[in-house]
There are 2 protein chains.
Amino acid sequence: MPDELLLDKPLTNNAIPSKEHPCSDHREKLLAIADTMDVINGKWKIQLIGIFLFQGKMRFGELLKHIQGIGAKMLSKELQHLEANQIITRTVLQTKPITVEYQITAYGRTLERTISDIVDWGTNHRRRIMR
Amino acid sequence: MPDELLLDKPLTNNAIPSKEHPCSDHREKLLAIADTMDVINGKWKIQLIGIFLFQGKMRFGELLKHIQGIGAKMLSKELQHLEANQIITRTVLQTKPITVEYQITAYGRTLERTISDIVDWGTNHRRRIMR
DNA sequence: CTGTATCCTGTAAGATACTG
DNA sequence: CAGTATCTTACAGGATACAG
């Protein structure tokens, strides 16, 4: 399942500007945006990435408790998606019963800058909108 | 409607880590992420912002044609959301019939850096995942 | 402990028709 | 032209039960 990648043609389900589009100069940019959003979008993905950035390794059960409100199904699904996108690795430890550690990859860390921007903008935005 | 702002308490509907959360150091960061995502998330919002950044003023009908696949309802809704978040302005021109121009605000342009990061990361990500 | 399978629901988004 | 109203659909996400 990891190796199939969920990556059909575009990396995302979101609307992609068509090639026949008037200004195809921006098409590529919008496509790139869609590709990033595919990794970041949704209710849990980016929060998950944030946690992997801020903390280190985490086990499934820890994540389940750590992430307020997520269920096993969603967590599992999102972890697979992140793994498919090479953002995290999944390591099975031969304990009994087995345990699994997830941790961010070096590549995953390349999201750090973007996420940091997102954090900064959000912090400022809240201040601005609240008053 | 613009002035009600859709901003209840958190700026987003997404899950927010609770105050009682184990590591409340990161709570603020995760909240900030959620706030940004509220502006960026969804099928159309960020694409819309991108267009306003790359192009200049646009009218409703132009946007409708420009954005592959969007319908009037969604466009209207997203524009209101962006206006409520002070990302764009809406100007009614006294033509007959009336026309309306939307354009990004100076504040909206503060998203430029973040979006630029998102574009860059997405561009690279596609290359990486594709091979 | 780490998941998957199944079923169920709520919300995002689309289609269509209509108005100032 | 620039939307809104209404109805419908699709899918993300949740609850529960169960398996290796």
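All chains are named by letter (A, B, ...) in the order of the sequence lines, taking the proteins before the strands, and each is independently numbered beginning at 1.
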Query raised in the report: Which parts of residues 56-64 of chain B get close to DNA chain D, meaning a heavy atom less than 4.0 angstrom away?
Result: R59(B), F60(B), G61(B)

Report task. Using the side-chain contact (heavy atoms from CB on, under 4.5 Å) rule, take H66(A) and Q55(A) through it: C-alpha gap first, then chi angles, then the decisive distance, then the call. Result -> CA-CA 11 Å; H66(A) 197 93; Q55(A) 326 274 343; 3.7 Å; yes

Rounded to whole Å, how long is the line connecting atom [atom1] of [X] with atom [atom2] of [N]?
| X | N | atom1 | atom2 | answer |
| --- | --- | --- | --- | --- |
| D38(B) | dA12(C) | CG | P | 11 Å |
| L75(B) | dA2(D) | CG | P | 10 Å |
| I88(B) | dA2(D) | CD1 | P | 14 Å |
| L93(A) | dG3(C) | CG | C1' | 15 Å |
| K96(B) | dC1(D) | NZ | C1' | 14 Å |
| L79(B) | dT4(D) | CG | C1' | 14 Å |

Should [X] be listed as having a side-chain N or O under 4.0 Å from OP1 or OP2 of [N]?
| X | N | result |
| --- | --- | --- |
| R90(B) | dG3(D) | yes |
| Q80(A) | dG3(C) | no |
| Y102(A) | dG3(C) | yes |
| S76(A) | dT4(C) | yes |

If I take atom [atom1] from residue [X] and atom [atom2] from residue [Y], how far apart are they, to the nearest 0.5 angstrom?
| X | Y | atom1 | atom2 | answer |
| --- | --- | --- | --- | --- |
| M58(B) | L64(B) | CE | CG | 10.5 Å |
| S76(B) | H81(B) | OG | NE2 | 13.0 Å |
| D117(A) | R113(B) | CG | CZ | 4.0 Å |

**Report entry** Ionic contact status for K57(A) with E101(A), cut-off 4.0 Å
**Finding:**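 So E101(A) pairs with K57(A) through a salt bridge.
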
Query raised in the report: Salt bridge between R90(B) and E83(B), side-chain N to carboxylate O under 4.0 Å?
Result: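 E83(B) and R90(B): not salt-bridged.
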
Query raised in the report: Run the side-chain contact (heavy atoms from CB on, under 4.5 Å) check on I115(A) and L53(A) step by step: do they pass?
Result: CA-CA 10 Å; I115(A) 295 199; L53(A) 281 173; 4.0 Å; yes

Query raised in the report: For the helix from dC1(C)-dG20(D) to dG20(C)-dC1(D), what angle lies between the axis at the first five pairs and the axis at the last five pairs, to 10 degrees?
Result: 50°

Set out, line by line, the N/O atom pairs under 3.5 Å between protein and nucleotides 14-20 of chain D.
from: dG14(D); atom 1: OP1; to: K43(A); atom 2: NZ; distance (Å): 2.7
from: dG14(D); atom 1: OP2; to: W44(A); atom 2: NE1; distance (Å): 3.2
from: dG14(D); atom 1: N7; to: K73(A); atom 2: NZ; distance (Å): 3.1
from: dG14(D); atom 1: O6; to: K73(A); atom 2: NZ; distance (Å): 2.2

Query raised in the report: Yes or no on side-chain contact (heavy atoms from CB on, under 4.5 Å) for T114(B) and I118(A), after CA distance, side-chain angles and deciding distance?
Result: CA-CA 7 Å; T114(B) 302; I118(A) 288 176; 3.8 Å; yes

**Report entry** Donor-acceptor contact present, side-chain E62(A) to main-chain R59(A), <3.5 Å
**Finding:**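 Judged by distance alone, yes, a pair lies under 3.5 Å.
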
Query raised in the report: What's the verdict on side-chain hydrogen bond (donor to acceptor under 3.5 Å, both in side chains) for H125(A) and Q86(B), showing C-alpha distance, side-chain angles and the deciding distance?
Result: CA-CA 10 Å; H125(A) 184 57; Q86(B) 306 176 24; over 6 Å; no

Query raised in the report: According to the interplanar angle, ranging from 0 to 90°, do the rings of Y102(A) and F52(A) count as parallel (below 30°), tilted (30 to 60°) or perpendicular (above 60°)?
Result: tilted

Requested in this report: Select from E78(B) and V100(A) the residue whose nearest nucleotide in DNA chain C is closer to the 5' end of that strand.
Outcome: V100(A)

